[in-house]
Amino acid sequence: VQLQASGGGLVQAGDSLRLSCTASGRTFSSYIMGWFRQAPGKEREFVGCISQRGDRIWYGDSVKGRFTISRDNAKNTMYLQMSSLKPEDTAVYYCAGVYAYASGDYYRSESRYDYWGQGTLVTVSS
């Protein structure tokens, strides 16, 4: 499967932005999907992940309450709605996916994912 992340850009602190991740293939609904981000000079960080049907979602502590993950399996697309953006949210955002029969918060680990998008840059100015 190929993943394509889009929607990044330059915004001001307090603004909102929505990222999309579109997948190729016909088995998207069987994939756990996740968002990760990597700020300059820092390690890649877990943002959140969503179960195959979208009924279970996990978030990283730094984005909980501000970011919302959703998916539309009919469109092979996952979304990351980001609100109340802060300068520390500046990073390259990556979407990732893995074919899985189950779901759980162990998908917080990037090592669980087999497929990665190319990343989209989000810059939040103060």
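Along the sequence shown, residues carry numbers from 1. Quantities reported herein were computed from a predicted structural model and do not represent experimental measurements.
Summarising the geometry, atom CZ belonging to Arg18 is positioned 7.0 Å from atom CD belonging to Gln81; distances are rounded to the nearest 0.5 Å. Annotation: the span from Ile32 atom CD1 to Asp114 atom CG amounts to 12.0 Å, rounded to 0.5 Å. Here OG of Ser29 is found 8.0 Å from CG of Asn76. Values are rounded to the nearest 0.5 Å. For the atom pair OG1 (Thr120) and CG (Leu17), the distance works out to 8.0 Å, reported to the nearest 0.5 Å.
Met82 is listed as a side-chain neighbour of Leu19, based on a closest heavy-atom distance under 4.5 Å. Two residues are said to be in side-chain contact when any heavy atoms from C-beta on lie closer than 4.5 Å; Leu80 and Val47 meet this criterion.
Both Phe28 and Tyr115 are assigned to one and the same hydrophobic cluster, defined by single-linkage of ILVMFWY side chains at heavy-atom distances under 4.5 Å. A single hydrophobic cluster is not seen to contain both Met33 and Tyr113; linkage of ILVMFWY side chains at heavy-atom distances under 4.5 Å, directly or through other members, places them apart. Under a hydrophobic-cluster definition in which Ile, Leu, Val, Met, Phe, Trp and Tyr are linked whenever side-chain heavy atoms come within less than 4.5 Å, directly or via other members, Phe67 and Phe46 are assigned to different clusters.
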Kindly list each side-chain donor-acceptor pair under 3.5 angstrom involving residues 53-65, sequence neighbours excluded, with atom names and distances?
from	atom 1	to	atom 2	distance (Å)
Arg53	NH2	Asp55	OD2	3.2
Asp55	OD1	Ser51	OG	2.7
Arg56	NH1	Ser103	O	3.3
Arg56	NH1	Ser103	OG	3.2
Tyr59	OH	Ile69	N	2.8
Asp61	OD1	Lys64	NZ	3.4
Ser62	OG	Arg37	NH2	3.2
Ser62	OG	Glu45	OE2	2.8

_Verdict with supporting geometry, Met78 and Trp35, side-chain contact (heavy atoms from CB on, under 4.5 Å)_ = CA-CA 9 Å; Met78 172 181 63; Trp35 287 102; 3.2 Å; yes
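Proximity of the aromatic rings of Phe36 and Trp116 is defined here by a centroid distance below 6.0 angstrom, and this criterion is met.
Scanning both residues, Val1 and Ala23, for their nearest heavy atoms gives CG2-CB, 4.0 Å. Of all the heavy atoms in Ser126 and Ala13, the pair that sits closest is CA-CB, 4.3 Å. Nearest approach of Leu3 to Cys21, heavy atoms of both residues: CB-SG, 4.1 Å.
Side-chain atoms of Thr90 come within 3.5 Å of backbone N or O of Pro87 as a donor-acceptor pair. No donor-acceptor pair closer than 3.5 Å links the side chain of Tyr106 to the backbone N or O of Arg112. Not one N or O on the side chain of Asp15 forms a donor-acceptor pair closer than 3.5 Å with the backbone of Leu10.
Applying the ring pair (Phe, Tyr, Trp, His ring centres under 6.0 Å) definition to pairs two or more places apart or across chains, those involving residues 76-103 are Tyr31-Tyr99, Tyr99-Tyr101. Residue pairs that meet the salt bridge (charged side-chain N to carboxylate O under 4.0 Å, His left out) test with at least one member in residues 66-79, sequence neighbours left out, are Arg66-Asp89.
Enclosure of atom CD in Gln118 by more than 12 non-hydrogen atoms of other residues, nucleotides or ligands within 6.0 angstrom is indicated.
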